[in-house]
There are 4 protein chains.
Amino acid sequence: MDTADRFNDECGVFGVFRNPGASALTALGLHALQHRGQEAAGIVACDRGKFRLERHMGLVDDNFTSQDVIDRLKGDCAIGHNRYSTTGEPALHNVQPLFAETAIGGFAVAHNGNITNARKLRETLRNSGSIFQSSSDTEVLIHLLATSTKATFIERFVDAIRQLEGAFALVALTDNLMVGCRDALGIRPLVIGDFEGSFVLASETCALDIIGARFVREVEPGEMVVISDRGMESVRPFPDRPSNRFCIFEYVYFARPDSTISGLSVYEVRKRIGRELAMEAPADADIVVPVPDSGTPAAIGYAEGAGLPFELGIIRNHYVGRTFIEPSDQIRHMGVKLKHNANRSVLKGKRVVLVDDSIVRGTTSMKIVEMVRDAGAAEVHMRIASPPTTDSCFYGVDTPEKSKLIASRMSVEELTRYIRVDSLAYLSIDGLYRAAGQDSRHDVPQYCDACFTGEYPTTLTDRTDRLPQDHLAFLEKA
Amino acid sequence: MDTADRFNDECGVFGVFRNPGASALTALGLHALQHRGQEAAGIVACDRGKFRLERHMGLVDDNFTSQDVIDRLKGDCAIGHNRYSTTGEPALHNVQPLFAETAIGGFAVAHNGNITNARKLRETLRNSGSIFQSSSDTEVLIHLLATSTKATFIERFVDAIRQLEGAFALVALTDNLMVGCRDALGIRPLVIGDFEGSFVLASETCALDIIGARFVREVEPGEMVVISDRGMESVRPFPDRPSNRFCIFEYVYFARPDSTISGLSVYEVRKRIGRELAMEAPADADIVVPVPDSGTPAAIGYAEGAGLPFELGIIRNHYVGRTFIEPSDQIRHMGVKLKHNANRSVLKGKRVVLVDDSIVRGTTSMKIVEMVRDAGAAEVHMRIASPPTTDSCFYGVDTPEKSKLIASRMSVEELTRYIRVDSLAYLSIDGLYRAAGQDSRHDVPQYCDACFTGEYPTTLTDRTDRLPQDHLAFLEKA
Amino acid sequence: MDTADRFNDECGVFGVFRNPGASALTALGLHALQHRGQEAAGIVACDRGKFRLERHMGLVDDNFTSQDVIDRLKGDCAIGHNRYSTTGEPALHNVQPLFAETAIGGFAVAHNGNITNARKLRETLRNSGSIFQSSSDTEVLIHLLATSTKATFIERFVDAIRQLEGAFALVALTDNLMVGCRDALGIRPLVIGDFEGSFVLASETCALDIIGARFVREVEPGEMVVISDRGMESVRPFPDRPSNRFCIFEYVYFARPDSTISGLSVYEVRKRIGRELAMEAPADADIVVPVPDSGTPAAIGYAEGAGLPFELGIIRNHYVGRTFIEPSDQIRHMGVKLKHNANRSVLKGKRVVLVDDSIVRGTTSMKIVEMVRDAGAAEVHMRIASPPTTDSCFYGVDTPEKSKLIASRMSVEELTRYIRVDSLAYLSIDGLYRAAGQDSRHDVPQYCDACFTGEYPTTLTDRTDRLPQDHLAFLEKA
Amino acid sequence: MDTADRFNDECGVFGVFRNPGASALTALGLHALQHRGQEAAGIVACDRGKFRLERHMGLVDDNFTSQDVIDRLKGDCAIGHNRYSTTGEPALHNVQPLFAETAIGGFAVAHNGNITNARKLRETLRNSGSIFQSSSDTEVLIHLLATSTKATFIERFVDAIRQLEGAFALVALTDNLMVGCRDALGIRPLVIGDFEGSFVLASETCALDIIGARFVREVEPGEMVVISDRGMESVRPFPDRPSNRFCIFEYVYFARPDSTISGLSVYEVRKRIGRELAMEAPADADIVVPVPDSGTPAAIGYAEGAGLPFELGIIRNHYVGRTFIEPSDQIRHMGVKLKHNANRSVLKGKRVVLVDDSIVRGTTSMKIVEMVRDAGAAEVHMRIASPPTTDSCFYGVDTPEKSKLIASRMSVEELTRYIRVDSLAYLSIDGLYRAAGQDSRHDVPQYCDACFTGEYPTTLTDRTDRLPQDHLAFLEKA
């Protein structure tokens, strides 16, 4: 499969405060956020001071739909997490939410993002006696909170997150508070909703839609919202004035097209990307074909912009699980074909504009192009709905190392030859900013676009410091 | 979920003769045919006279991808089957291929379709001492073959299938033959391919594509192809001249859009259906929105025909498994929302043409319409890519009883009010025939369209005869 | 483990007619008969004409104790079976009871024993069209019954079992009858009990004890008891006058010591065996030590007979499951030590009489002797509670081939040296018959003692006839 | 089952230092110690600084016998643990060995016993920021060690265990040390062995026997042995002079009869207990019958002392798992009969001395006596191989609360009537001390006999202090 040839989704978080159906609502919210992480899921519920926790490898639907599980997770507050492993091995120990019993009570947290000084903080905490039970970067947060000398949860929380560097959209739960918090640059998303008078937190608005919650507003960059029986209060834990550097790749690929971020419909942004691309890089072609499903909205936009027919020239098989045994060396494009098949009748003899969201390692693109050509396409013009991805993400997205990113090693010309297309064009960075509602990219960029530019908006302590290795090779499988 | 509100897929069959990778190729073929049945899958391989059989509940990818399984299924011939339960409970006993040790050797068979006199035949066979181990209609075939007094497999096979009534596309395997056979009306599909010189049989051409096999031709209605080391021979087991009554619903919904049937691309037929529909039932609207994924090609066709923009106004969640616990009576359209979400920014204020393939019970349509309205659509014009489905299928498709089919109980006007749309239109039967390459529907129809017309092309013995009940309430779960 | 070095237990059968707790009682009965077979267990219950069947690999306690399972097995009649594989691979297909839907209704059967012309009958049945679904010898019975042309179950049953050769204690169930039947020689045991007015059938009396059923009598050799709502009737299906050739090894090893067979307490017979052995083969020794647990009653008898102290010189570990990885070639008696440990303080410096029930391959005996010597025993005198086992059993006991039976290859003198004991003595065949309540072995023996004498009381058709091989290498694992 | 009516086994520990088969040897050692805990087992291995950990619910044989598991546990040092839950729920989180990554490296520990100030220490540690991941009392040890400010492992270990109160036999592992340690009173056992030049630690000598290790000596009360590449050193961490208060119940019931403790064979002590009991409490009877298996050695001793025959009057079923559904209220002694059956032929008409190790709640004894009477015993004289168990154990044994201990509520006379025996006698406390090698019990007792006397040799802080409750109701099941 080509998950190795994608920027993979990261994590989804969700929370409900004071609603009798808290756990079932959280399961639904996580279902709607499943695209953000399919490796594992967890829910913690709080029932008058008692916490219950369930964490499972696998999909939400496979683990959180039975009456039994929901009954066990009793209580009127709950938070949940979908995980795609960004740090830590795929072991149950790393599945969130994490929970800690502290001197001032129980505390659970779910995290989307990545803490870029986690290993440094871990080292310091360990030296003063903290014992880590996972390889998750998130665990430093609960140790910082547990060892804080402050009197209240909010003070301790503020104390803890001020020490964190990197990207974090957090949902936390104590026995009488739910907290939502974004890092000072607001790299990862977090929205506030209202379900029948109960506050809801979610990574994306599509998770509000599934339960019919009303969208209230986004948690702002550098804001901490504290939800209690008194209502919602806004706290600003960070001394510096926060600026907004939201991850622009959420618009390109991560977020669901039916979500709205910062007032912009993700679907509309993707269609605009397609239109920008049609203007920047037109092609003398017969049809526009998306690489499904992620390339589809941009392809519709491109087709509209270019005045060309939009066609499903590649059919996606949605029943894709594990890798198959290869029965013969003769089978061409084996990996790609498990997921995609060329729609021969559409492609035959046509000059095709192929629209994909990005090129990571290039191997998948190469195979798709070859498959399209084998199906009889006369010409293949590849159009990419984002600039070249030249740099790794350290903010909670699973990306290959820079050296494995083909756009960091090859020019567009080289890549045109490598993937064997008649023409190849990427969207310009300014085009992307325009599609995302800006006039152009400013000197101090309005988004985090490090994967396209290498300009990381935070320091990256764990990348620069040398830190000792762990002694436990792996924690046991459950 | 709305699988209860669909005509569900039936079964897929696949076979490879004399190729060292027979089992792995069969696993790939079944993967490509997964849309035809997700309940269970099985493969039997033959290695110099020894048969090995693996049958599992669940998806092909979950059970037939490990080296272990493929290694156990050794041999250079293999046949496989994907099952969606049409008859028989979802027990391992009913999973195909079935195998029988007979007086003249081992025999395995995989069946797509439904034998409409199976219970009658079963009764007769039981009375003469045959012991049935499953509730599958297919099991009668192996008992007929085992009790036949003919000398050779082919004679026995002919002897057996002549007694069968209904729909059957069969792939069978002995220690030196692979057989493909379609009923006299060719209701269910079966194609012949060539993979590196080895014969391949498959329900659809998309299963040839995945392994890169060349399409040779279709098995003809009433034809039996016998593949041996001498090559392929064609046998005509049925005395009457067969006529072609291929299932027209395969074009509408069952088949994969990238498959080609009788020289017609399924995708193109669906687009033509959309165009016919735009002509027959235009709408004064702003956008055309498919109910994904099955309505998508027809919606593209409609949009083209009507000159309206095609928009993804409903987003599908592909991670849909089991039913969730309902947390609140307030959650509207709960079932539908697990799979679909309205793309608010697209729909808001728009007059929407909604294109779906069919309406079965009507409950899903009603909820989708309401969801689209809740998202702000100004008007909703439902267009159905087939005529009203008024009658059950007895040829291997899982359909509700006639009384549960809403189109058998309501006129289009009543249904328009029931599902609360501004207008509702179905494709005419002649329009469907035109889209499927005919001038119009003839007096002796060119397809089986019983689900639209109630004209069943075969007798339905088990529907008319009263037959005794079984004594085993259920066979144990494995 | 040393299961390979034992005559392994065979099967246990149980049945209850007309009692509201039929399935739960059957589960308890099978629990008490667990020593007769640990590979798999099954129960079929009948509820007013409807049969339900559950069959599972593993122990009764692991599969038949939950409320769910017992609830599913509803009905007031039930039969059950514990299996130790004597024929057929360890697959679910071979687990009993077997069930057949026949022209005259449903029929279930559980079998202890082995049909020595099963393959011959199978061949004949297959040639006339019967399809076999298992490799179990018992399946021939249901096909014979299904293909019988007789009018009633009892007539068909008689028709069927008259064709069977070998050993069989059967419990069968129809919708209004329970049948118990023993072969004409009564090789395997079957007893009748009365639980609160309901008839019970069981392999041994210990299964009556667990539910508190009263022992009524044994089913006689060649007798068929037919239990219906009219009560119990006795049928004599075999034309020849039956003689009693009950398996004498049941007294030596198979039966539980708390069971009573033919009026003799198994425990008392084993103690008498020990006393006979003490008379026949005294030893100048300090203590008598059993190889636990099977040698214990005979050791108590020997100690009493010889006037020597009885000591637990070998301690058994009851938590024995799978074979371990051997960490070092230095570990002596690895296999034996998983189950047994020498009790050093007891053995040190002592002249030890070691009492075991039998010697099969000799390897275990050799290791136990060495372990006892390593623990400091001054002398080891092995006394075996049966004559030399020189011949295989074909009547439902899992024994090695004759060539693997060490007593068929070595004299007592050779074996004394081989297992390195100071002396070795077996019980004489007449001594065994005396312990089992006879004056001596007669010319026409009173028991089946084929494993000691090679005198098989039936013909062994499948041993002598050449029969074709099956084509299915294995049926899939569930 | 009657596990609720026993003093249940506690835990077993094992370790090997510098042997290529360390993990496989540890698996074997744990197999031999399986009687000390059947709920879960774990092994941690260390391979040149890298630790690997496997912990599983269930038996050693079910989880630690595959090549895969042993291969994963690579390294030449390993420690292991069998758990019977004394504190903490039966969750994987509580399974040992525990592991901590500390400032000075990795550290694993396995514990037999119970820390009687664990909750107090936990509260203190939590207040200074330690996060607990289990409900196990043992986890305080790793936090004490991690937060110690001392420079070396040994200093930190000493620092930590000096704060512990209660009973502990510990085996710990760092990347270059294995440590064995017993509390100052040596309540729980720990022995040192030598396997082919590698040091071994084990709870009992039977675990040395299985691998053929030579017994070196016991770890002394209050001693810490530090095993490194330089050999073994002895450290005395406790300032006070330790006295020996070994648990006398290990002789009565816990230890395996083939183990040797403090130079005394457990089997011989049990036989001497029987002989003391025969002297103290003779009975005018015909036979001596043990309640198997734990009463067997004492019964042999009693029979010898009394000059009466020893008989297996109760037969034990070793295939005992879960509780069965009760099919009828009529079934007498249902629970007891799953495990035990009266051997009618032995008991009928006899005056029986019944020997059991102890009476806990009395319910099992009552049912066994009734079962023996039902089998026809003329008289039943119960003899108990220990004094009345009047007090709970807080040193690592799973005992009911004092109020549930029947001997704390009833006199011997009352109990005689309650369990319906003709006579009842316990062994005197001095008799027990004599059997265990002493002249009598001294004023400062030579053993811990708190369960018989209520004299606890340590303070019991967690019993006296009020401590806050945890907030996590349960950690998820794996």
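All values below were derived from every heavy atom in this structure, side-chain atoms included, with hydrogens, water molecules and symmetry-related copies excluded. All values derive from a computational prediction rather than experimental measurement. Lettering of chains follows the sequences in order, A, B, ..., and the numbering in each one begins at 1.
Heavy atoms of B:Met371 lying under 4.5 Å from chain A are absent altogether. Contact of A:Ala32 with chain B is made through the backbone alone, with heavy-atom distances under 4.5 Å. Neither the backbone nor the side chain of B:Thr260 comes within less than 4.5 Å of any heavy atom of chain A. Only the side chain of A:Ile70 comes within contact range of chain B, judged by heavy atoms closer than 4.5 Å. For B:Phe64, the part lying near chain A is the backbone, with the side chain staying farther off; criterion is any non-hydrogen pair under 4.5 Å. Within the 4.5 angstrom heavy-atom criterion, only backbone atoms of B:Ala342 (N, CA, C, O) approach chain A. Interface remark: B:Val266 contributes no atoms to any contact with chain A (heavy atom separation under 4.5 Å). Contact annotation for B:Arg316: neither backbone nor side-chain heavy atoms come within less than 4.5 Å of a heavy atom of chain A. For B:Glu311, the parts lying under 4.5 angstrom from a heavy atom of chain A are both the backbone and the side chain. For a residue to count as touching a neighbouring chain, one of its non-hydrogen atoms must lie under 4.5 Å from one of that chain's; by this rule A:Ser66 touches chain B with the backbone only. For A:Ile300, the part lying near chain B is the side chain, with the backbone staying farther off; criterion is any non-hydrogen pair under 4.5 Å. Contact annotation for B:Glu196: only side-chain heavy atoms (C-beta onward) come within less than 4.5 Å of a heavy atom of chain A.
Taking B:Ser259, B:Gly21, B:Cys206, B:Pro327 one by one and counting their heavy-atom pairs under 4.5 Å with chain A, the maximum is reached by B:Pro327. Taking chain A as the reference chain and counting heavy-atom pairs below 4.5 Å, the highest number among B:Leu59, B:Ile331, B:Ile314 is found for B:Ile331. Ranked by non-hydrogen atom pairs under 4.5 Å with chain B, the options A:Val346, A:Ile210, A:Asp293 are led by A:Ile210. Between chain A and the residues B:Val69, B:Ile211, B:Leu264, B:Asp374, the largest count of heavy-atom pairs under 4.5 Å involves B:Ile211. Of the listed residues A:Arg256, A:Glu304, A:Gln67, A:His318, the one with more heavy-atom pairs under 4.5 angstrom with chain B than any other is A:His318. Counting heavy-atom pairs under 4.5 Å between each of B:Pro20, B:Ala27, B:Ala375 and chain A puts B:Ala27 at the top. Ranked by heavy-atom pairs shorter than 4.5 Å toward chain B, the options A:Leu25, A:Leu28, A:Val60 are led by A:Leu28.
Counting all heavy atoms, side chain and backbone alike, B:Ile368 lies closest to B:Val291 at CD1-CG1, 3.7 Å. Residue A:Asp286 comes nearest to A:Pro309 through the heavy atom pair O-CD, 3.0 Å, listed as atom of the first residue, atom of the second, then distance. The two residues A:Lys339 and A:Val320 come nearest to each other via the heavy atoms CA-CG2, 3.8 Å. Contact between B:Pro297 and B:Lys271 at its shortest, heavy atoms only, is O-CG, 3.5 Å. Of all heavy-atom pairs spanning A:Ala299 and A:Pro290, the tightest one is CB-CB, 3.5 Å. The two residues B:Asp258 and B:Thr205 have their closest heavy-atom pair at O-OG1, 4.1 Å.
In this structure, A:His31 has its ring center at least 6.0 angstrom away from the ring center of B:Tyr319. When ring centroids are compared, A:His81 and A:Phe14 stay outside the 6.0 Å threshold.
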Does the pair B:Val200 and B:Asp194 meet the rule for a side-chain contact (heavy atoms from CB on, under 4.5 Å), with working shown? CA-CA 6 Å; B:Val200 175; B:Asp194 168 5; over 6 Å; no

Checking B:Lys337 against A:Asp209 for the salt bridge (charged side-chain N to carboxylate O under 4.0 Å, His left out) test, could you report, in this order, the C-alpha distance in whole Å, the side-chain angles of both residues, the deciding distance, and whether it holds? CA-CA 8 Å; B:Lys337 278 190 176 170; A:Asp209 291 346; over 6 Å; no

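Between A:Leu312 atom CG and B:Arg270 atom CZ the span is 11.0 Å, to the nearest 0.5 Å.
Using modelled atom types, one finds no donor on one side chain facing an acceptor on the other under 3.5 Å when comparing B:Asn19 with B:Asp76.
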